[in-house]
Amino acid sequence: MDKLRQAVEYLLQIKAIESQKELADKMRSSEATLSRALNNGATSKYLIRFNSTFDNMFSMEWLKRGVGNMLANQQQQQQSGGNIIQGNN
């Protein structure tokens, strides 16, 4: 599964967003642009924009390459109840 899609699913799971439309609104992006990124892959610039929308919650190394843990730091991992997604999932 694409890492951006996994990150969006995580945000839905923790109730940081309620829908892809809400995500697009928070990013100040169109739903069509978000859909293209989810379906066809996101550019590095788009991933940075996505991550900055959520205070850099996600590891950029994980978003771009699938390396390491999904969340940027240990404190965020503990707050999520230990649901750590690692690379190559």
Side-chain angles (χ1 to χ4, degrees):
M1 179 185 281
D2 176 72
K3 297 305 176 196
L4 177 60
R5 188 173 296 281
Q6 282 184 311
V8 171
E9 290 298 322
Y10 176 78
L11 292 171
L12 289 164
Q13 180 183 21
I14 67 167
K15 309 266 188 253
I17 57 171
E18 293 186 15
S19 66
Q20 288 184 13
K21 179 184 182 334
E22 182 181 358
L23 172 57
D25 291 345
K26 283 184 180 223
M27 291 182 64
R28 296 189 174 138
S29 177
S30 70
E31 288 182 74
T33 300
L34 175 60
S35 180
R36 276 193 301 277
L38 289 169
N39 293 322
N40 302 324
T43 63
S44 288
K45 185 177 178 179
Y46 196 83
L47 291 174
I48 291 167
R49 184 176 173 188
F50 166 79
N51 203 24
S52 67
T53 300
F54 296 95
D55 296 321
N56 297 306
M57 170 189 286
F58 300 99
S59 162
M60 285 306 299
E61 190 74 11
W62 181 84
L63 280 172
K64 290 180 179 182
R65 295 177 193 84
V67 175
N69 292 328
M70 177 177 71
L71 299 178
N73 66 47
Q74 190 66 28
Q75 181 180 7
Q76 288 173 326
Q77 292 168 357
Q78 291 170 349
Q79 290 172 351
S80 73
N83 294 331
I84 300 169
I85 297 176
Q86 295 188 348
N88 302 323
N89 288 340

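Every heavy atom of this structure was used, including side-chain atoms; hydrogens, water molecules and symmetry mates were not. Fair warning: this is a prediction, and the values are worked out from it, not measured in the lab.
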key: Interatomic distance, E9 atom CD to Q20 atom CD [nearest 0.5 angstrom]   = 7.5 Å

key: For M57 against L11, the heavy-atom pair lying closest together   = SD-CD2, 4.0 Å

note = Looking only at heavy atoms, the pair that brings S59 and N69 closest together is CB-O, 3.3 Å

message = Restricting to side chain to side chain donor-acceptor pair (under 3.5 Å), what partner residues turn up for K21, sequence neighbours left out?
response = D25

inquiry  = Once side chain to side chain donor-acceptor pair (under 3.5 Å) is applied, do any residues pair with E61, and if so which ones, sequence neighbours excluded?
reply    = R65

inquiry  = Would you compute the distance between atom OG of S29 and atom CZ of R49 and round it to the nearest 0.5 angstrom?
reply    = 5.0 Å

ask   = Between atom CG of N51 and atom CG of N56, what is the distance when rounded to the nearest 0.5 Å?
value = 4.5 Å

ask   = Should Y10 and R5 count as side-chain neighbours, where that means a heavy-atom distance under 4.5 Å?
value = no

Enumerate, atom names and distances included, each donor-acceptor pair closer than 3.5 Å involving a side-chain atom of residues 30-37, sequence neighbours excluded.
residue : atom : partner : partner atom : Å
S30     : OG   : T33     : N            : 3.0
S30     : OG   : T33     : OG1          : 2.8
T33     : OG1  : R36     : NH2          : 3.2
S35     : OG   : N39     : ND2          : 3.1

ask   = From T53 OG1 over to M27 CE, what is the distance, rounded to the nearest 0.5 angstrom?
value = 5.0 Å

request  = Mind checking the CG-NZ spacing from L47 to K64? Nearest 0.5 Å is all I need.
outcome  = 7.5 Å

key: For S19 against L12, the heavy-atom pair lying closest together   = N-CD2, 3.7 Å

message = Just verifying a value: how many Å separate K26 NZ and R28 CZ, rounded to the nearest 0.5 Å?
response = 11.5 Å

inquiry  = Listing request: all ring pair (Phe, Tyr, Trp, His ring centres under 6.0 Å) pairs with a residue in residues 26-51, at least two apart in sequence or in separate chains.
reply    = F50-F54, F50-F58

